[in-house]
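We number each residue from 1, following the sequence as shown. Everything numeric in this text was worked out from a predicted model, so none of it was measured.
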Amino acid sequence: MPRISRHKDRCRTGHTCSTTAPVKASQFLVFANGKAILVRGNKVGRHTILKAKPKPVCIPHKAKLTGSSRTVFVKGIGVGRKGDKADKGAMRGASPNVFAG
């Protein structure tokens with residue numbers, strides 16, 4: 001079973017400028033290890049992506065946690081876990097000892 005991801009745990013963005021970013025919890029009712037559990041739709045924190053034209057430059061980018069559990073919910077929304085899709089990458093940060101299927 002994957003480990004639960006929590007407030008400010010980091011994801012791989014799938015981008016070259018900012019390769020990782022924290023994900024911010026939107027709910028503060030359910031916790032794991034003293035941190036709010038992430039749910040699908042939570043926002044990925046500030047990060048940048050590469051804009052190639054007219055010249056290569058890193059620009060600000062917004063994204064969300066789009067993957068989640070299909071069986072474990074907080075307020076009716078699937079919880080985020082290590083490996084769940086976030087931006088063009090996936091969650092990598094998670095609780096060391098709280099799991100969800």
Problem set entry | Audit row: R81, M91, side chain to side chain contact (heavy atoms under 4.5 Å, CB included) steps and yes/no | CA-CA 7 Å; R81 304 157 305 164; M91 288 304 304; over 6 Å; no

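- More than 12 heavy atoms of other residues, nucleotides or ligands lie within 6.0 Å of NZ in K35, so this atom counts as buried by the packing criterion.
- Shortest non-hydrogen contact noted between K64 and G41 is CD-O, 3.7 Å.
- In this structure, V79 is not a member of the same hydrophobic cluster as F31, with clusters built from ILVMFWY side-chain heavy atoms closer than 4.5 Å.
- When all heavy atoms of F99 and R3 are compared, the closest pair comes out as CE2-CG, 3.3 Å.
- Grouping the Ile, Leu, Val, Met, Phe, Trp and Tyr side chains by contacts below 4.5 angstrom, directly or via other members, places V72 with V39.
- Within a 6.0 Å sphere centred on NZ of K85, heavy atoms belonging to other residues, nucleotides or ligands number more than 12.
- For N33 and S95, the side-chain atoms include at least one donor-acceptor pair closer than 3.5 Å.
- Between V44 and A21 the shortest heavy-atom distance is CG1-CB, 3.6 Å.
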For this session: Any chance you could lay out the side chain to side chain contact (heavy atoms under 4.5 Å, CB included) test for K88 and I49, step after step, and finish with the verdict?
Result: CA-CA 11 Å; K88 299 243 182 237; I49 62 170; over 6 Å; no

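- Distance CZ/R40 to CZ/R70: 10.0 Å, rounded to 0.5 Å.
- Under 3.5 Å, the side chains of N42 and S26 contain a donor-acceptor pair of N or O atoms.
- Both V98 and V30 are members of a single hydrophobic cluster when ILVMFWY side chains are connected at heavy-atom separations under 4.5 Å.
- Across L29 and K75, no two heavy atoms sit closer than the pair CD1-CD, 3.7 Å.
- Remark: L38 CG to K24 NZ distance equals 12.0 Å, nearest 0.5 Å.
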